[in-house]
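Working notes, structure below.
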Protein chains: 2
Amino acid sequence: MSVMEDTRDRIVASASAQIQRHGHVKTTVADVAKHCGMSPANIYRFFPTKAALIEAVSEIWLALAEDNARAIARQPSCASARIREFLVGVHEFNRDRYTRNGEVHETVVAATMERWPIVARHEKVIISIFASILEDGVRNGEFEIDDIEGTASVMVAAMVKFHNPIMVAQYHGESLTEQATALSDFMLKAIRKR
Amino acid sequence: MSVMEDTRDRIVASASAQIQRHGHVKTTVADVAKHCGMSPANIYRFFPTKAALIEAVSEIWLALAEDNARAIARQPSCASARIREFLVGVHEFNRDRYTRNGEVHETVVAATMERWPIVARHEKVIISIFASILEDGVRNGEFEIDDIEGTASVMVAAMVKFHNPIMVAQYHGESLTEQATALSDFMLKAIRKR
DNA sequence: TGACTGATAATAATTGTTTTTTGTCAATAC
DNA sequence: GTATTGACAAAAAACAATTATTATCAGTCA
């Protein structure tokens, strides 16, 4: 069973590399199969459709963004500073990724527009990571918040301009980083204890 | 000179009707010309390109959204209530327009994605209308705000999910109205005097 | 003299055809 | 008996030939 898992991972890794080079439209399952030294038909033993394969690849990419967010949330600084860092850090991570690699951007945009299930899941993960910062802030007396999950949800919704792939690409070139900092300062006013 | 202005307006009105029926891709300047009882060449006396004509049409559509926003901003209720109304009202105006008429939506999305100058202008107008509510609130002691224009800018940025045509269409079906209300309540905490 | 048109070149969209690609399944290999 | 494949039908993409559209401009009309 470990061998099968291994093969699956090899396929996903190969597909990820191919898509980063040629985009998810141009990469064919025949290409991926050839790179893995197997027949196209064998890919379909692991993934019901090409779309499912692309979804698996996107899942890995979104997981990288989640790791980045988690790293910021776990820093030793005070909760307010981490909120600021979160807004700016998540924005810059996405901005760099999407401006650096157009193929990755194109794929994630498709995932977002067509509302693949993984995107909804990713959004929930981001909200819960953000909520963990709020929780810390409430615990140590920095913040005063009734409903932490609800507040996290609202705050992440307010950040859409800075992390949604379509928005990030649309405003590229302009200094969204400054705006992200301004938004974090504004939002901190709403939750800071006084 | 009034006759020329008249002709221009007739062209824009006709183009607006055509685009609402068939979309801005399918409507040709020949179509618009025929509907106005003139030759295609004559359109080019008023608009340098087809794109410029479409831009003029979009400008009128955006102006309708601005009128709606202004109407909300000028209501007699307290500033806090108007902020709430603004978030929900602007969202629902755009949602209804874009779900009701796909062609209008398609055109405004193109304007937004390709960053036509009118969109940047529209954004500034919306911010200044919103700022007028903040100003009222500061004047009558409801709010406490340092930089009104800056704050309006940040708050409108936070509303992107609820008024940007791409975002509104993407989340259609889900109850964004509730989320908009939640966001307005959250943001009011940041500016309310206490 | 200013508002408009007909004819037309350059560019872009459409249509119909050929070639790939996706996805299935019975057959093979290990 | 489990992992894999080759052969193949249905669906989609690429291509080339054709048609339509944009934009220009010298010239007409009132």
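On a predicted model such as this, the values are computed, not experimentally measured, just so you know. Note: hydrogens, waters and symmetry copies are ignored here, and every other heavy atom, side chains too, is used. A, B, ... follow the sequence lines: proteins, then strands. Residue 1 opens every chain.
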Would you mind telling me which of [options] lies closest to the side-chain atoms of [X]?
| X | options | result |
| --- | --- | --- |
| B:Lys50 | D:dA23, C:dG23, D:dA3 | D:dA23 |
| A:Ser39 | D:dT24, C:dT22, D:dG6 | D:dG6 |
| B:Val29 | C:dC25, D:dT22, C:dA3 | D:dT22 |
| A:Tyr44 | D:dA3, D:dT22, C:dT22 | C:dT22 |
| A:Thr28 | C:dT21, C:dC25, D:dT24 | C:dT21 |

Integer-rounded Å distance: [N] [atom2] and [X] [atom1]:
| X | N | atom1 | atom2 | answer |
| --- | --- | --- | --- | --- |
| B:Phe46 | C:dT5 | CZ | P | 10 Å |
| B:His22 | D:dT21 | NE2 | C1' | 16 Å |
| B:Met38 | C:dT5 | CE | P | 7 Å |
| B:Asn42 | C:dG2 | CG | C1' | 11 Å |
| B:Ile54 | D:dT22 | CD1 | C1' | 12 Å |
| A:Phe47 | C:dT24 | CZ | C1' | 18 Å |
| A:Lys34 | D:dG6 | NZ | P | 13 Å |
| A:Asp31 | C:dT20 | CG | P | 13 Å |

Under the ring-ring contact (aromatic ring centres under 6.0 Å, His included) test against B:Phe86, which residue among B:Phe162, B:Phe93, B:Phe130 passes?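 Of all the options given, the one that passes is B:Phe130.
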Backbone N/O of B:Ile54 and side chain of B:Ser58: donor-acceptor pair under 3.5 Å: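 Judged by distance alone, yes, a pair lies under 3.5 Å.
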Tell me if a side-chain donor or acceptor on B:Arg192 pairs with a main-chain N or O of B:Phe143 at a distance below 3.5 Å.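 Between the backbone of B:Phe143 and the side chain of B:Arg192 there is no qualifying donor-acceptor contact (under 3.5 Å).
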Compare side-chain N and O positions of B:Lys26 against OP1 and OP2 of C:dT14 and report whether any pair is under 4.0 Å apart.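 True: B:Lys26 side-chain N/O within range (under 4.0 Å) of C:dT14 OP1/OP2.
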Hydrophobic clusters here meaning ILVMFWY residues chained together by side-chain heavy-atom distances under 4.5 Å, can you tell me if A:Val119 and A:Ile166 are in one?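 Different hydrophobic clusters.
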pair A:Asn164-B:Met167: side-chain heavy atoms closer than 4.5 Å: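 A side-chain contact under 4.5 Å exists here.
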